[in-house]
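Here is the structure we will look at.
One is the number of the first residue; the rest follow in order along the sequence.
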Amino acid sequence: FILTDNSWWSYNTPAPNDTLKRTIVGSGLLNGVEYKLLKELNLTGAFDDTLFIRKSGNNYYELNYVDQYTSFYLDGTIVDSLLFLREGLTTGETWNSNEYSDAVNNVPTKIRYKFTCTNANATVSLNGKTYTNVYQVTMTPQVNTNNAGYVDDSWVWVNYYAQGIGWIYQKLTVSTGGGFELPVKNYMVF
């Protein structure tokens, strides 16, 4: 994952003739921890969203709402650093996020994310370019309602990270139908 200031990536979105651009625009302190600010540029040319990313050792974290990548919302608000990527991954390697307890519509609910490196050395072609040394990481939200045990959520995220280039592809698959893809279109890494 690239965290150098002014590096940027543009992605084709599901909307016709639409592009999303993400740019590293510096750093900020949140809860006493320094994060790189990955700003998203909207259609009007204004920055309208920010991803908060940091690296610690060989691990990469995103500060976000813990239900950001689930098909449901918790009743309360919980924000945490989610370990989404590691350097030195091997195919088949897995890890879980922290466990978060709250409720959904007043029903006691716990969530966590399961990460699996489904390919530690993929070759991927997107928009006429071929990328090698790509990590393919699947992120599956898991839910535990009323302490009945964890089951997979209906959403599954697959992210691709190219060595020396960064986040090149994201796909959301919804088991009940739908989802989206964000393939990289252009990038500039500093």
Handout entry: cation_pi(R112, Y150) dist<6.0 Å, angle<=45
Key = yes
Handout entry: Heavy-atom side-chain proximity of V158 to Q136 below 4.5 angstrom
Key = yes
Exercise for the section: Mind checking side-chain hydrogen bond (donor to acceptor under 3.5 Å, both in side chains) for Y113 and listing every partner two or more places apart, or none if nothing turns up? Expected result: none
Practice task
Evaluate the side chain to side chain donor-acceptor pair (under 3.5 Å) criterion for residues K21 and N186: first the C-alpha distance (whole Å), next the side-chain angles of each, then the deciding distance (0.1 Å), finally the verdict.
Solution key: CA-CA 9 Å; K21 185 175 181 183; N186 293 303; over 6 Å; no
Practice task
Spell out, as yes or no, whether a donor-acceptor pair under 3.5 Å connects the side chain of E93 to the backbone of T90.
Solution key: yes
Handout entry: Side-chain donor or acceptor of Y135 paired with backbone N/O of L89 under 3.5 Å
Key = yes
Fill in the blank from the handout: Taking every heavy atom of V66 against every heavy atom of I111, the minimum-distance pair comes out as O-CD1, 3.3 Å
Exercise for the section: Taking all non-hydrogen atoms of both residues into account, name the closest pair between I168 and L126 and its distance. Expected result: O-CD1, 3.4 Å
Fill in the blank from the handout: When rounded to the nearest 0.5 Å, the distance separating CD1 of I24 from CG of L38 is 4.5 Å
Problem - Considering all heavy atoms, the nearest T118-V137 contact - result: OG1-N, 4.4 Å
Handout entry: Heavy-atom check, side chain of T116 versus side chain of K114, under 4.5 Å
Key = yes
Fill in the blank from the handout: Taking every heavy atom of N144 against every heavy atom of A148, the minimum-distance pair comes out as OD1-N, 3.0 Å
Exercise for the section: In sequence, state the C-alpha distance, the side-chain angles, and the governing distance for N105 and D75, and then conclude on side chain to side chain donor-acceptor pair (under 3.5 Å). Expected result: CA-CA 6 Å; N105 298 320; D75 292 347; 5.9 Å; no
Completion exercise
Interatomic distance, CD@E87 vs CG@N59, rounded to 0.5 Å, equals 8.5 Å
Fill in the blank from the handout: For N121 and N119, the nearest pair of non-hydrogen atoms, with its separation, is N-OD1, 2.9 Å
Exercise for the section: Is it possible for you to say whether V156 and L182 belong to one hydrophobic cluster, with membership spreading through side-chain heavy-atom contacts below 4.5 Å? Expected result: no
Practice task
Indicate yes or no for a side-chain donor-acceptor contact from D49 to the backbone of E40 under 3.5 Å, with no hydrogens or angles considered.
Solution key: no
Practice task
Provide the closest heavy-atom pair for K55 versus N58 in the form atom of the first, atom of the second, distance.
Solution key: CE-CA, 4.4 Å
Problem - Heavy-atom side-chain contact between K36 and D5 under 4.5 Å - result: yes
Problem - Main-chain N/O of F72 paired with W155 side-chain donor or acceptor, under 3.5 Å - result: no
Problem - Within-4.5 Å side-chain heavy-atom neighbours: V143 and V151 - result: yes
Exercise for the section: For atom OH of Y100, decide whether the heavy atoms of other residues, nucleotides or ligands shown that lie under 6.0 angstrom number more than 12. Expected result: yes
Exercise for the section: State whether the number of non-hydrogen atoms from other residues, nucleotides or ligands found under 6.0 Å of N31 atom CG is greater than 12. Expected result: no
Exercise for the section: Starting at CG of L41, measure out to CG of L20 and round the result to the nearest 0.5 Å. Expected result: 8.0 Å
Problem - Side chains of F84 and Y161 in contact at under 4.5 Å (non-hydrogen atoms) - result: yes
Problem - I78 reachable from L51 in the ILVMFWY side-chain graph, under 4.5 Å edges - result: no
Completion exercise
For Y187, the ring-ring contact (aromatic ring centres under 6.0 Å, His included) test, sequence neighbours excluded, returns none
Problem - Over-ring placement of R22 relative to W8, 6.0 Å and 45° cut-offs - result: no
Problem - Test item: T91 side-chain N/O and A120 main-chain N/O as donor-acceptor pair under 3.5 Å - result: yes
Exercise for the section: Answer yes or no: is there a side-chain heavy-atom contact under 4.5 Å between T145 and P108? Expected result: no
Exercise for the section: Find the distance between NZ (K171) and OG1 (T138) and round it off to the nearest 0.5 Å. Expected result: 10.5 Å
Practice task
Look at the aromatic rings of W167 and Y11 and report parallel, tilted or perpendicular, splitting at 30° and 60°.
Solution key: perpendicular
Exercise for the section: Calculate, to the nearest 0.5 Å, the distance between atoms CG and CD1 belonging to L82 and I53 respectively. Expected result: 9.5 Å
Handout entry: side-chain hydrogen bond (donor to acceptor under 3.5 Å, both in side chains) partners of N64, counting only residues at least two apart
Key = E62
Practice task
State, yes or no, whether a side-chain contact exists between T123 and V134 at a heavy-atom distance under 4.5 Å.
Solution key: no
Handout entry: Verdict with supporting geometry, D153 and S71, side chain to side chain donor-acceptor pair (under 3.5 Å)
Key = CA-CA 7 Å; D153 189 21; S71 66; 2.6 Å; yes
Handout entry: V107 backbone acceptor or donor facing T109 side chain under 3.5 Å
Key = yes
Handout entry: Sidechain-backbone polar pair: T94 side chain, F115 backbone, donor-acceptor under 3.5 Å
Key = no
Problem - Whether Y169 and Y160 hold their rings parallel, tilted or perpendicular, with breakpoints at 30° and 60° - result: perpendicular
Practice task
May I ask you to decide if V25's main-chain N or O and T23's side chain share a donor-acceptor pair within less than 3.5 Å?
Solution key: no
Exercise for the section: Decide side chain to side chain donor-acceptor pair (under 3.5 Å) for S10 and K185; before the verdict, give the C-alpha distance in whole Å, the side-chain angles of both, and the deciding distance to 0.1 Å. Expected result: CA-CA 5 Å; S10 64; K185 183 176 178 181; over 6 Å; no
Exercise for the section: Go through the structure and list residues passing ring-ring contact (aromatic ring centres under 6.0 Å, His included) with F180, not counting sequence neighbours. Expected result: W157
Exercise for the section: Just jot down the side-chain hydrogen bond (donor to acceptor under 3.5 Å, both in side chains) partners of S125, sequence neighbours excluded, or say none. Expected result: T130
Problem - Verify same cluster id: Y65, Y73 (apolar side-chain graph, 4.5 Å) - result: no
Problem - Y60 and R54, any side-chain heavy atoms less than 4.5 Å apart - result: no
Completion exercise
Rounded to the nearest 0.5 Å, the OG atom of S7 sits from the CD1 atom of I2 at a distance of 6.5 Å
Handout entry: ring-ring contact (aromatic ring centres under 6.0 Å, His included) partners for Y35, two or more places apart
Key = none
